[in-house]
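To keep things clear, I will list the structure first and then write my remarks on it.
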There are 2 protein chains.
Amino acid sequence: MPAMTTRPQQGRRRAHALSKAQIVRAAIEILDRDGEHALTFRALSARLATGSGAIFWHVADKEDLLAAATEEIIARLVAEPGNDMEPKRAIRAVALAVFDAIDAHSWLGGQLFRNPAQPAALRISEMIGRSVQALGVPERALFNCWSALINYMLGVAAQNAANARQAHAEADRSAFLANVANRWAHLDPTEFAFVRQVADELRDHDDREQFLAGIDLILAGIGTLTRRADPSP
Amino acid sequence: MPAMTTRPQQGRRRAHALSKAQIVRAAIEILDRDGEHALTFRALSARLATGSGAIFWHVADKEDLLAAATEEIIARLVAEPGNDMEPKRAIRAVALAVFDAIDAHSWLGGQLFRNPAQPAALRISEMIGRSVQALGVPERALFNCWSALINYMLGVAAQNAANARQAHAEADRSAFLANVANRWAHLDPTEFAFVRQVADELRDHDDREQFLAGIDLILAGIGTLTRRADPSP
DNA sequence: ACCTGAACACCGTTCAAGT
DNA sequence: ACCTGAACACCGTTCAAGT
C-alpha cells in the first residue's frame with residue numbers, strides 16, 4: 001500500500017499534453033482565419049494557453065512550423081485524385097486540387113512555392129510525373145515537360161495567393177479586380193496598348209478557368225511531342 | 001553687398017543631398033551583395049551615413065523601396081529586346097532577359113512575383129502581349145495565352161530565385177543540386193518512382209535551357225490554336 | 001525642406017528556472 | 001521530459017527636435 005504512493009500522480013498538469021500535431025492544427029486555424037502575418041509565436045502560445053518556449057520544444061523554428069502546416073494540408077488532398085484516370089484527366093484533377101487547396105488557404109501558395117523540394121510538394125510532383133510519362137512523351141523530353149507543368153502550377157497558384165492577399169486589403173476580390181482593370185484602362189495608349197485591351201477581360205475572368213486553360217495549353221504543347229496517334233492503349 | 005549676406009549658404013550640410021534615386025541604388029547594392037534579408041533600414045542608413053528617418057522622408061515604406069528597386073532594374077532591361085523581331089523570337093528574347101535579370105539579382109524574382117501588377121511587371125506583360133497577338137491567335141484565346149506565358153515566366157523565375165537563396169546557404173549551386181538529387185534518389189521506390197527517376201537529370205540540368213523548353217512548350221500549344229499556315233506576313 | 005537619432009511597438013528565439 | 005515566461009537581439013516605423 002505505501003509502495004503505490006510512490007507512483008507520481010501523472011496527467012494532472014494539463015488536460016491535453018501539447019503535441020506537434022495540436023500546435024500545427026492551431027497554426028492552420030490562425031493562418032486561415034487571420035492571414036499569414038497573424039501567425040506569431042505570441043499569438044500561437046496565447047491560443048494554446050502556454051509559453052512560447054513550450055512551442056519551441058516541439059517545433060524547430062517558424063519555417064518548420066509552416067512546413068508542417070503545408071504538409072498537413074497536402075496530406076489531406078493527396079489521398080484521392082485519380083491514380084487510374086486517363087493521364088490528361090489525372091493531370092487536370094491534380095492541378096485543380098492544388099489550385100483549390102491554395103484558394104482555400106491563401107498562405108499555402110507562398111509556402112509550396114518557397115520550398116518546392118519539401119515532401120508535400122514532392123508528392124504533387126510525383127503524381128504529375130507519372131501522368132506525363134503515361135502520356136507517352138519521349139524519354140528526352142520527359143524532364144522538361146514535367147518541370148514546365150510543375151512550375152506553371154506552383155507559379156500560378158502562388159500568384160493567386162499573392163493577389164488574394166492584396167485583395168483582402170481592399171473591399172473584396174471583384175472590387176480589387178475592377179480597380180486594377182480600371183487602372184489598366186487608363187494607361188498610356190501607345191505604351192500600353194495591349195494591357196489596355198485586355199483590361200476588360202481581367203475584370204470578369206475566372207481564375208480557375210484561366211488556370212486550367214494554361215494547363216491545357218501546356219498539354220497541347222506536350223501533345224506535339226507525342227508519337228502515338230491512337231489514344232487507346 | 002549686405003543684401004547678398006542674407007542669402008543662406010547652401011549645399012554645405014552634406015556633399016550630396018539625399019535623393020530617392022540614390023537610396024534605391026544603395027538598396028540594390030545591399031540586396032545584390034548580401035541578399036534580401038540584409039536590406040534593413042539600419043544597414044541602409046549606415047551605408048548612406050544618415051538616420052533612418054532621412055530615408056523615410058524620401059520613401060514611403062519598405063514595400064515602396066523594394067518596388068522602386070525592381071522598377072530600376074526592369075527599366076534597364078526593358079529598353080532593348082527586339083520590338084521588331086519575329087514574334088516567337090521576341091517572346092523568347094523577353095523571357096530570357098527577365099530570366100537573366102532575376103538570375104543576376106536573386107531578390108528580383110520574389111519581388112516581381114509578389115506584386116505582378118506593379119508598373120515594372122506591366123511593361124513585361126505588354127511586350128509579351130503584343131507578340132502573342134502578332135502570332136495570330138484568335139481573339140478569344142488571347143487573354144489565356146498571354147496569361148499562361150506571363151504566369152509561367154514569373155513563376156519559374158521566382159522559383160529559381162527561391163532555389164538560389166537556399167543554395168546560398170549550402171556550399172554552392174551544384175553542390176546544392178547534387179544534395180537534392182541525392183535525397184531524391186533515396187526516396188521510397190514505390191511511392192516516389194518518378195521523382196527517383198528524374199533525380200539524375202536534376203543534378204546536371206541547365207536552368208536556363210529548362211526554362212526556355214517550357215516557353216517553347218507553351219508556344220507549341222499556342223501554335224495549335226493558330227490558323228495561318230503561312231509564316232510570312 | 002530636409003535630416004537626426006532616440007523611442008515605440010513589435011518580432012523570433014533562447015534559457016534559467018520550475019514541475 | 002516538458003513547460004513557464006522574462007529576456008535578448010533584432011525589426012520597421014514614428015516623431016520631437018534640430019538645421
Side-chain angles (χ1 to χ4, degrees), chain A residues 5-28 30-31 34-70 107 110-111 114-115 165 169, chain B residues 5-28 30-31 34-70 107 110-111 114-115 165 169:
Chain A
T5 320
T6 320
R7 269 230 170 109
Q9 196 167 348
Q10 59 186 358
R12 274 300 96 216
R13 264 200 298 259
R14 141 189 296 284
H16 320 278
L18 208 52
S19 71
K20 181 160 182 180
Q22 194 179 147
I23 292 170
V24 169
R25 235 176 294 130
I28 291 176
I30 293 176
L31 286 166
D34 306 317
E36 213 164 342
H37 73 277
L39 181 64
T40 68
F41 282 92
R42 268 165 256 262
L44 191 55
S45 61
R47 178 184 241 287
L48 291 167
T50 183
S52 63
I55 296 172
F56 277 97
W57 178 262
H58 296 278
V59 147
D61 52 21
K62 195 166 186 184
E63 199 185 324
D64 181 31
L65 179 59
L66 257 347
T70 305
W107 51 274
Q111 202 45 39
R114 224 177 328 274
N115 191 355
R165 211 179 319 144
Chain B
T5 322
T6 321
R7 271 231 169 107
Q9 195 168 352
Q10 57 184 358
R12 272 302 94 216
R13 264 203 296 262
R14 136 192 299 283
H16 321 276
L18 207 51
S19 71
K20 182 159 180 179
Q22 194 180 146
I23 292 171
V24 168
R25 235 176 293 129
I28 291 176
I30 293 176
L31 286 166
D34 305 318
E36 215 165 340
H37 73 278
L39 180 65
T40 68
F41 282 91
R42 267 163 255 263
L44 191 54
S45 62
R47 178 185 240 285
L48 291 167
T50 184
S52 61
I55 296 173
F56 277 97
W57 179 263
H58 296 277
V59 147
D61 51 20
K62 194 165 188 186
E63 197 183 325
D64 181 32
L65 179 60
L66 258 344
T70 304
W107 51 275
Q111 201 48 38
R114 224 178 327 274
N115 192 355
R165 210 180 321 144

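The chains referred to below are lettered A, B, ... by the order of the sequence lines, with proteins before strands, and numbering in each begins at 1.
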Worksheet entry | Whole-Å distance separating the CG atom of A/Asp61 from the P atom of D/dA9 | 20 Å

Discussion item. Can you measure B/Leu48 atom CG to C/dG5 atom P for me and round it to whole angstrom units?
Written reply: 14 Å

Fill in: Nearest heavy atoms of A/Ile30 and A/Ala38, plus distance in Å
CG2-O, 3.8 Å

Practice prompt. Between A/Phe41 and B/Ala54, name the one whose nearest nucleotide on DNA chain C is closer to the 5' end.
Written response: B/Ala54

Item to complete: Please check the phosphate of C/dC3 (OP1 and OP2 only) for any side-chain N or O of B/His58 closer than 4.0 Å.
Response: yes

Worksheet entry | Closest listed nucleotide, where the reference is the side chain of B/Phe56 and the choices are C/dG12, D/dT13, C/dT14 | D/dT13

Response to the item:
Note: B/His58 and B/Lys20 closest approach over all heavy atoms is O-CD, 3.5 Å

Fill in: Non-hydrogen side-chain atoms of A/Lys62 and A/Leu44 separated by less than 4.5 Å
no

Worksheet item: Can you tell me how far C1' of C/dC11 sits from NE2 of B/His37, to the nearest Å?
Response: 16 Å

Practice prompt. Round to the nearest Å and state the distance from B/Arg42 atom CZ to D/dC10 atom P.
Written response: 10 Å

Worksheet entry | Watson-Crick or G-U wobble mate for C/dC8, both contacts under 3.5 Å | D/dG12

Response to the item:
From CG of B/Leu44 across to C1' of C/dG5 the rounded distance in Å is 16 Å

Item to complete: Let me know the distance between CG of A/Leu39 and P of C/dC11, rounded to the nearest Å.
Response: 11 Å

Worksheet item: At their closest point, which heavy atom of B/His37 faces which heavy atom of B/Thr40, and how far apart are they?
Response: O-CG2, 4.0 Å

Worksheet, complete the sentence: Between B/Gly53 and A/Ser52, whichever has its closest DNA chain C nucleotide further toward 5' is B/Gly53

Worksheet entry | Interatomic distance where CD1 belongs to B/Ile23 and P belongs to C/dC2 [whole Å] | 11 Å

Response to the item:
Closest to the side chain of B/Leu18, out of D/dG12, C/dC3, C/dG12, is C/dC3

Worksheet item: When rounded to the nearest 0.5 angstrom, what distance separates CD1 in A/Ile28 from CD1 in A/Ile23?
Response: 12.5 Å

Worksheet item: Between B/Trp57 and C/dC3, does any side-chain N or O lie under 4.0 Å from OP1 or OP2?
Response: no

Item to complete: In whole angstrom, give the distance that lies between atom CG of B/Asp64 and atom P of D/dT14.
Response: 12 Å

Discussion item. What's B/Ile55 touching, base or sugar-phosphate or nothing? Going by heavy atoms closer than 4.0 Å.
Written reply: nothing

Response to the item:
Paired to D/dC3 by Watson-Crick or G-U wobble criteria (both distances under 3.5 Å) is none

Discussion item. My understanding is that a pair needs two contacts under 3.5 Å, Watson-Crick or G-U wobble. By that rule, which nucleotide pairs with C/dA17?
Written reply: none

